[in-house]
Structures are given as structure tokens and as C-alpha cells.
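Accompanying notes for the structure given below.
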Amino acid sequence: MRWSRYFWHTSKEEPSDAEAPSHKLLLKGGFIKQVSAGIYELTPPGLRVLRKIEGVVRKEMDRSGAQEVLLTVLNPAELWKETGRWELYGRELFTLKDRNGREYCLGPTQEEEVTDLVRSFVRSYRQLPVVLYQIQVKFRDEKRPRFGLIRGREFIMKDAYSFDADQFSAMISYESMKFAYERIFKKLRLKTLMVEASVGTIGGISSHEFVVLTDYGEARVAYCEGCGYAGNAEVVKLPKNGEEEEEEKPLMELETPHTDTIEKLSSFLRVPSRKIIKSVLYLVDGSKPILFLIRGDRNVDENKVEAVLGTENFRLAEDKEVRELLKTEKGFIGPFNLPPSVRVYWDNSTYGLKNVVIAFNRPNYHYVNANPRRDFSYGEFVDVCEVEEGDPCPKCGAPLRVSKGLELGHIFLLGTRYSEPMKAFYRDPQGQEKPIVMGCYGIGISRCMSALVEQYHDEKGIKWPTPVAPFELDLICVNTSDPQQREVADKLYLLAEEMGIETIYDDRDESPGFKFADADLCGFPYRLVVGKKVKEGKVELQDRHRGERQDLDIDRAVDELKALIEKDRQTP
RNA sequence: CGGGGUGUGGCUCAGGUGGCAGAGCGCCUGCUUCGGGAGCAGGAGGUCAGGGGUUCAAGUCCCCUCACCCCGACCA
């Protein structure tokens with residue numbers, strides 16, 4: 001491809017609307033163009049990268065036995081009503097009506113559609129298992145789109161769905177998909193972590209996420225450097241500690257004005273926050289009060305709360321509601337003399353504490369040196385504590401590391417969540433009608449593009465790994481008005497193309513610095529510079545990843561380059 | 001959803017207290033230049049996000065709307 005005729009336009013200015021490196025560099029490098037919040041167009045080079053990522057994914061999916069389909073973007077509401085998700089999915093669902101008033105959504109994920117497809121053909125266990133996948137545009141009206149392609153409202157996803165006759169068979173499908181994912185990310189050269197993930201309210205059996213560790217992700221990931229355990233923070237179980245060995249001091253009732261936060265209370269009483277029991281009031285379905293007691297230095301993880309309550313329809317009580325329900329003020333809530341309607345849960349972190357500070361629903365007062373059994377009794381224990389760095393690994397007990405992660409892939413053993421309500425049944429060998437056991441498996445293709453830039457860039461620009469680079473080689477003619485350079489560059493270009501090297505030939509009539517800067521920005525793994533040294537029969541090869549340069553004989557340059565690229569395509 | 005910020009040429013931005021619409025980059029023309037975002041000269045390019053108001057006069061002051069970016073997801 002000759003750059004002088006290629007629709008690729010980079011910018012010298014830093015894009016003002018971008019924050020994340022990947023967002024900045026993809027915009028500046030002319031790979032994407034924003035249309036609206038969370039909606040981006042891909043330019044020719046941007047699409048080339050995306051297609052390469054798709055190619056890797058497609059190849060591994062096919063190899064795993066999955067079969068590609070193309071479902072529709074526009075989906076009738078009826079299917080979504082069968083599973084109840086028309087309501088459950090909420091405002092994130094893009095919906096519209098046709099001219100006759102029939103309702104549709106733009107697919108955010110397509111369990112309903114694919115289940116409908118399968119149920120219309122599958123009758124017998126003999127037709128199972130089957131795994132279908134597609135690479136398709138998806139729509140989610142995100143509350144807050146951000147960071148370019150990382151969280152978009154329109155994005156490209158690979159979604160796969162497995163259909164098996166029974167649980168055991170479904171687990172085999174699940175495991176084989178897990179291996180396929182590991183191969184995919186390895187081939188994309190993305191350093192991902194496979195973490196245990198939440199099965200959520202859907203009631204699945206198993207779930208794993210593939211995340212890259214980066215500040216520009218929305219997930220919190222805990223991992224153990226000792227034994228290799230890794231989990232999404234919301235699924236990492238935190239156990240009870242042993243009882244503190246401490247002499248029980250006499251209980252006191254102290255006036256504690258203006259201490260409506262743990263921090264204020266801690267400094268007022270000169271007591272560490274871990275010796276305070278915090279009470280957090282939630283309302284389920286907008287009315288049912290649930291009180292969580294947790295150690296003062298820890299926070300409630302609402303994802304864990306969701307698991308405990310079995311619903312996501314809950315929220316913190318407002319100040320006014322605290323007053324009405326508990327006749328006290330925020331900051332002075334405690335487990336004493338509560339109305340019977342209040343359900344109380346003790347987080348594991350509160351177990352075994354001695355001589356704690358705890359409120360008793362009287363504004364501006366706290367108990368000091370309260371002790372379990374003597375002054376209060378525990379109730380039901382749960383784990384709703386947000387995991388923090390240093391918490392014990394659930395497998396080996398070593399201190400955990402916690403990091404922000406970006407979820408690139410998610411695999412999910414669904415069970416019969418969709419097949420049952422949608423009546424996707426088959427006949428087993430005994431002639432019994434049974435629901436198909438399903439799994440679903442996503443990869444954010446466009447998100448991978450951002451993740452690659454996050455992992456491969458420097459101050460100057462992107463450093464695409466060879467398997468996903470828009471072009472493997474950038475052939476630069478330094479001075480296009482020098483006939484000799486021009487002639488050599490033209491020749492090398494044709495030769496490189498001939499040899500099957502994906503080449504962009506920078507034949508633009510621009511200054512050398514301009515072309516070098518673009519080369520760095522756009523991230524080609526290899527660069528061949530045709531400049532002054534042609535007089536000595538040499539051209540210069542530059543490696544973007546290693547930063548190395550070497551002079552090659554003009555006649556042998558493409559051959560040597562070909563060998564390098566060939567090797568680079570293969571590994572690992 | 002809540003909070004904050006921004007909106008002026010294609011891009012990045014400047015335009016105290018109201019008084020002729022600006023710069024750099026990019027673009028076009030010409031000449032020069034050619035190994036790290038070149039130089040000189042000339043030129044084109046604007047509904048100052050949109051609407052309403054105050055005023056002799058609004059990019060600037062007031063109100064409303066919209067768009068985009070960022071932060072937080074309410075921790076008692």
C-alpha cells in the first residue's frame with residue numbers, strides 16, 4: 001500500500017478528549033474516529049488491526065470445533081420477554097419500534113437469539129453437542145462509556161454459545177473453550193490473567209474472566225503470587241479471624257458528638273478504625289431494611305451483597321430513611337433494639353473482636369469496650385467485605401495482591417437459564433424430554449485492540465505485536481525527490497509485496513522527521529529506511545520493539561526481513 | 001443516576017472589567033529544503049454548540065437546552 005494514496009490521517013496534536021494511552025494513541029494515530037459518546041468508526045488501518053484480531057479469534061474458535069454464524073443485530077422483543085430479560089436488562093438495552101409499533105432491541109448479547117435458532121432445529125441428543133459463535137457488533141447503552149474502545153456503547157464482540165445434553169458434557173465444552181481462550185490471548189500476545197468470576201444472579205455453575213492488569217479497567221482483581229490463585233475481587237472469600245486475646249474492659253457509654261463517620265469517630269476516641277464496628281443499612285426492593293455490620297476499617301463490597309441477597313435491587317438507605325426506620329442518625333446505627341423488620345448480618349470481619357466501639361441507635365453516643373457475648377450477641381455471619389491488598393489467599397493463605405483489571409473475555413457455564421424458559425428441549429436416549437445445558441463465551445474484540453495498545457506503547461506511540469500490526473513493514477523513502485532513493489524504494493516495495501510482507505510504502509512528499517514520527521506513532525514492528533546510504537548500497541532496518549537499527553545490503557534486505565517477520569509471526 | 005469541567009477556523013487553544021474574530025499547527029499557491037513532525041512569501045477558511053433574555057452594543061453578563069470529557073457509585 002502506498003501511503004500517498006492511503007486513507008490514513010494522523011495528527012500532530014494530542015487529542016484533548018482522551019485520557020487513557022490507548023484512547024489517545026488510537027485517535028492520534030488515526031485508527032479510530034469518534035462519532036458520539038462511546039461510538040467510534042474505524043479507519044482503514046484501524047479495521048486492518050481489528051480484522052487481524054478477529055482472524056486470530058476465528059481460527060482458534062474454529063479449531064475448538066465451534067461453528068460460525070451471523071445472528072441479527074435487530075432482535076424482536078418477544079424472545080427477550082420469554083426469558084424475562086426485556087425487563088431485567090434495564091436501561092442498558094437499546095430499544096426501538098418499527099413502523100407498526102413492534103418492539104425490538106439492538107442486541108447487547110444474544111443468548112435468546114441463539115437459543116431460538118438452536119431450538120428450531122435440535123430435537124435429539126444425537127444433534128448435540130453444538131457450539132456456535134459469531135463476531136458481531138453489539139449495543140449497550142452504558143451509563144458511562146469511557147476510554148475510547150475500552151467501554152463503548154457500540155462495539156465488536158465475539159460471542160459463542162455451547163449446547164450440550166448434560167452437565168458433564170457442558171463442562172467439557174466449557175473447558176475446551178477455556179483452552180481456546182488461553183491460546184487466543186497468547187497468540188494476540190496479550191498478557192492476561194484467568195480469574196474466577198462471579199456467577200451472578202443468573203445462577204450459573206462456573207465462570208472465569210480473562211483480564212489484563214491495567215489502570216484503565218473496571219474490575220478489581222485479586223491474585224496470589226504464591227500459589228497462582230486469581231479471582232475477581234467480588235468472589236474472593238474472606239474468612240473469620242480467630243478471637244482476639246485481650247482482657248475485656250468495662251463497658252462505657254460515651255458521648256461522641258459530630259462523629260458521623262468512622263474516620264471522625266476514630267480520631268475523636270483515639271481508637272483505631274479496626275476496633276470499631278460499622279453498621280451499614282441497605283434497603284431491598286426500596287423498602288426491606290437489611291443491616292450489615294462490618295469492621296470499621298473495611299468496606300462493603302456490593303457485589304458480594306448482591307450474592308448474599310440474591311438480587312441486585314438494593315441500595316444504601318438515605319439519611320431520611322435511617323431516621324424513619326431506626327429513629328437514629330447516620331453514624332450512630334447499631335445492632336441494638338432494632339425494629340423486628342430489620343434483618344441483621346454480621347460480616348466475617350467482625351468475628352472475634354474485643355473491646356470494640358459500637359453505636360446503639362442513640363444519636364451522638366457510642367459504647368466503648370463492647371464485647372461479644374457479654375454486651376452483644378452475634379447473629380448470622382456472611383462475607384460482604386471488599387477484598388484488599390494483603391488479605392489472605394483463599395487457597396494458600398499468602399497475602400493477596402489487588403489490581404485493577406480490564407476484562408477481555410468471560411466464559412460462563414449457564415446451565416438451563418435460557419433453555420428452560422425458552423423450551424429448548426431435546427429427547428435423550430430414553431425418549432425423555434430434557435432442557436439443553438448451555439454455556440456462553442465472550443471476547444471483546446474491539447476492546448482487545450485498546451488492551452493491546454495499553455500493553456504495547458511508549459512515549460512516541462504504539463508498538464503493535466506483529467500478528468496484529470496494521471502493516472508488518474513501513475518502507476520509508478526519506479527523500480522522494482532523490483531519483484536514486486525513489487528507484488530503490490519502489491523496487492523494494494514491489495519485492496516486499498511479492499514476498500508476502502504486508503507493507504505500507506511511505507512515499508509521501510513529507511520531511512523525513514514527519515515520516516519517522518508517523519512510523520513511531522503508528523507502531524509498525526519493522527521499518528526499512530531508504531535514505532542517503534543507498535549510495536553505498538545500504539538501507540536501514542529498524543525494529544520498533546527492540547529499538548535496534550542495522551544496515552542491510554539492498555539486494556538482501558527483503559530476504560532478511562522476510563526471515564525475521566516469518567519468525568516473529570510464529571512465536572510464541 | 002449524582003457531582004465537576006469544557007464547547008471559538010479541520011486540530012490544539014488564546015480572547016481581564018461588554019466595543020471591528022485571533023494565534024500555532026493543518027490546508028491551498030509559489031520558491032527553497034530533504035535522516036527525527038522543514039524555511040520564506042502569499043492565500044482560503046467562523047451561525048464563537050443551540051435557543052431565549054439584558055444592553056445602543058454580547059464570544060464576553062443572565063436563563064434554558066444540547067453535546068463531549070472527567071470523578072463518584074452514596075461505607076453510617
Side-chain angles (χ1 to χ4, degrees), chain A residues 9-20 23-24 27-28 30 33-39 90-92 141-148 216 218 256 258-266 273 276-283 291-303 305 314-319 321-323 325-326 328-335 347 349 357-359 361 363 366 384-386 460-461 476-482 485-486 506 508-522 527 529-534 538-540 542 549 551:
Chain A
H9 308 281
T10 59
S11 162
K12 197 155 73 172
E13 300 284 351
E14 285 291 310
S16 63
D17 277 351
E19 167 95 358
H23 190 193
K24 274 189 196 161
L27 281 171
K28 193 177 178 199
K33 150 100 171 53
Q34 181 169 19
V35 173
S36 178
I39 302 178
R91 295 145 306 280
E92 266 179 37
D141 199 355
E142 296 284 351
K143 286 178 216 164
R144 182 142 104 88
R146 57 176 143 185
F147 303 142
Y216 296 94
E218 73 297 320
T256 52
H258 315 298
T259 56
D260 59 340
T261 65
I262 293 292
E263 204 184 332
K264 288 183 202 165
L265 182 62
S266 164
S273 53
I276 299 173
I277 290 185
K278 179 161 77 176
S279 308
V280 188
L281 186 69
Y282 280 88
L283 292 181
L291 189 66
F292 287 100
L293 299 165
I294 187 167
R295 215 170 72 192
D297 61 332
R298 306 302 300 248
N299 288 327
V300 172
D301 183 332
E302 295 195 349
N303 293 303
V305 171
F314 63 88
R315 59 172 173 82
L316 274 172
E318 291 167 13
D319 295 6
E321 292 162 334
V322 167
R323 250 169 257 139
L325 281 160
L326 306 181
T328 186
E329 291 293 326
K330 177 174 159 182
F332 304 95
I333 306 172
D347 180 73
S349 62
V357 176
I358 191 165
N361 298 321
H366 279 89
V384 290
C385 185
E386 194 173 85
K460 290 178 174 172
I476 295 180
C477 181
V478 172
N479 183 356
T480 50
S481 47
D482 177 332
Q485 287 184 25
R486 187 94 210 189
D506 198 344
R508 292 175 299 177
D509 185 18
E510 294 287 354
S511 72
F514 185 97
K515 289 187 268 199
F516 288 130
D518 261 359
D520 291 333
L521 173 63
C522 297
R527 182 186 318 173
V529 181
V530 180
K532 296 190 280 217
K533 284 178 250 177
V534 288
K538 301 278 192 185
V539 289
E540 186 179 283
Q542 299 184 16
R549 304 175 176 200
D551 289 338

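Order of the sequence lines fixes the chain letters, A, B, ..., with proteins taken first and strands second; residue numbering starts at 1 for each chain.
- Between B:C75, B:G37, B:C68, one nucleotide has an atom nearer to the side chain of A:E302 than all others, and that is B:C75.
- Taking the P atoms as reference points, B:A57 lies 16 Å from B:A21, given to the whole Å.
- Between A:R298 and B:C75 there is no side-chain N or O to OP1 or OP2 distance below 4.0 Å.
- The minimum heavy-atom distance linking A:A317 with A:V322 is given by the pair CB-CG2, 4.2 Å.
- Residue contacts for A:L521: at a heavy-atom cut-off of 4.0 Å it reaches a base atom on one of the strands shown.
- Among A:Q542, A:E540, A:K515, the single residue meeting the side-chain contact (heavy atoms from CB on, under 4.5 Å) criterion with A:I476 is A:K515.
- Rounded to an integer number of Å, the gap from A:I277 CD1 to B:C75 P is 19 Å.
- Looking at heavy-atom distances under 4.0 Å, A:I262 makes contact with sugar-phosphate atoms alone, never a base.
- Here the separation of B:C61 from B:C48, taken at their P atoms, is 16 Å to the nearest Å.
- Among the heavy atoms of the strands lying under 4.0 Å from A:N299 is at least one base atom, whether or not backbone atoms are also near.
- The C1' atoms of B:U8 and B:C74 are separated by 38 Å, rounded to the nearest whole Å.
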Please tabulate, one pair per line, each protein N/O and nucleotide N/O from nucleotides 32-36 of chain B that are separated by under 3.5 Å, including the distance.
residue: B:C34; atom: O2'; partner: A:N479; partner atom: ND2; Å: 3.2
residue: B:C34; atom: N3; partner: A:N479; partner atom: OD1; Å: 3.3
residue: B:C34; atom: N4; partner: A:S481; partner atom: OG; Å: 2.6
residue: B:G35; atom: N7; partner: A:K532; partner atom: N; Å: 3.3
residue: B:G35; atom: N2; partner: A:E540; partner atom: OE1; Å: 3.2
residue: B:G35; atom: N2; partner: A:E540; partner atom: OE2; Å: 2.7
residue: B:G36; atom: O6; partner: A:R549; partner atom: NH2; Å: 2.8
residue: B:G36; atom: N1; partner: A:D520; partner atom: OD2; Å: 3.2
residue: B:G36; atom: N2; partner: A:D520; partner atom: OD2; Å: 2.0

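- Proximity of a side-chain donor or acceptor of A:E321 to a complementary backbone N or O of A:E318 within less than 3.5 Å is detected.
- Summarising the geometry of A:V478 relative to A:P512, their closest heavy-atom pair is CG1-CG, 3.6 Å, with the distance given to 0.1 Å.
- At the heavy-atom level, A:R315 lies nowhere under 4.0 Å from the strands shown.
- Atom P of B:U12 sits at a distance of 16 Å from the matching atom of B:U6, rounded to the whole Å.
- Residues A:K278 and A:N299 bring a donor and an acceptor atom of their side chains to less than 3.5 Å of each other.
- A:H9 places its NE2 atom 11 Å from the P atom of B:C27, with the value rounded to the nearest Å.
- The aromatic rings of A:F332 and A:H366 are tilted relative to each other, their planes meeting at an angle between 30° and 60°.
- Residue A:E19 contributes atom CD, which lies 15 Å from atom C1' of B:G72 at whole-angstrom precision.
- B:C1 atom P lies 20 Å from atom CZ of A:F314, rounded to whole Å.
- Put simply, CG on A:D301 is 11 Å from P on B:C74, counting in whole angstrom units.
- When heavy atoms are screened at a 4.0 angstrom cut-off, A:S279 is found touching base atoms of the nucleic acid.
- Remark: the separation of the C1' atoms in B:G9 and B:A23 is 11 Å, to the nearest Å.
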Checklist entry - What would the secondary structure line of RNA chain B be in dot-bracket form, counting Watson-Crick and G-U wobble pairs under 3.5 Å, with [ ] for pairs that cross earlier ones and | for pairs with another strand? => result (((((((..((((.....[..)))).((((((.....)))))).....(((((..]....))))))))))))....
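- Spacing of C1' atoms, B:U55 relative to B:C13, comes out at 30 Å, to the nearest Å.
- Between A:G38 and A:P145 the shortest heavy-atom distance is CA-CB, 3.7 Å.
- Between A:V529 and A:C477, the closest side-chain pair of non-hydrogen atoms is not below 4.5 Å.
- Contact annotation for A:A317: base contact, defined as any heavy-atom pair under 4.0 Å involving a base atom.
- Among the heavy atoms of the strands, none lies under 4.0 Å from A:F292.
- Between the side chains of A:Y282 and A:E302, at least one donor N or O lies within less than 3.5 Å of an accepting N or O.
- What separates CG of A:N303 from P of B:A73 is a distance of 12 Å, to the nearest Å.
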Every protein N/O lying under 3.5 Å from an N/O of nucleotides 10-13 of chain B:
residue: B:U12; atom: OP1; partner: A:S16; partner atom: OG; Å: 3.1
residue: B:U12; atom: O4'; partner: A:E13; partner atom: OE1; Å: 3.4

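- In this structure the side chain of A:T328 never reaches within 4.5 angstrom of the side chain of A:R323, judged on heavy atoms.
- At a threshold of 4.0 angstrom between heavy atoms, the contacts of A:D482 with the nucleic acid are absent.
- Residue A:Q34 is in sugar-phosphate contact alone, with no base atom involved, counting any heavy-atom pair closer than 4.0 Å across all strands shown.
- Positionally, the nearest nucleotide of RNA chain B for A:T10 lies more toward the 5' end than for the other of A:T10 and A:E263.
- Taking both residues in full, the closest heavy atoms of A:N479 and A:Q485 are given as N-OE1, 2.8 Å, listed atom of the first, atom of the second, then distance.
- At least one donor-acceptor pair closer than 3.5 Å links the side chain of A:D347 to the backbone N or O of A:V384.
- Regarding A:R91, its CZ atom lies at a distance of 9 Å from the P atom of B:C1, rounded to whole Å.
- Distance CZ/A:R295 to CD1/A:I277: 10.0 Å, rounded to 0.5 Å.
- Only the C1' atoms considered, B:G26 is 37 Å distant from B:C62, to the nearest whole Å.
- With values rounded to the nearest 0.5 angstrom, A:I262 atom CD1 is found 9.0 Å from A:D297 atom CG.
- Between the NZ atom of A:K330 and the P atom of B:C74 there is a distance of 11 Å, rounded to whole Å.
- Straight-line distance between the C1' atoms of B:G2 and B:C11: roughly 33 Å, to the nearest whole Å.
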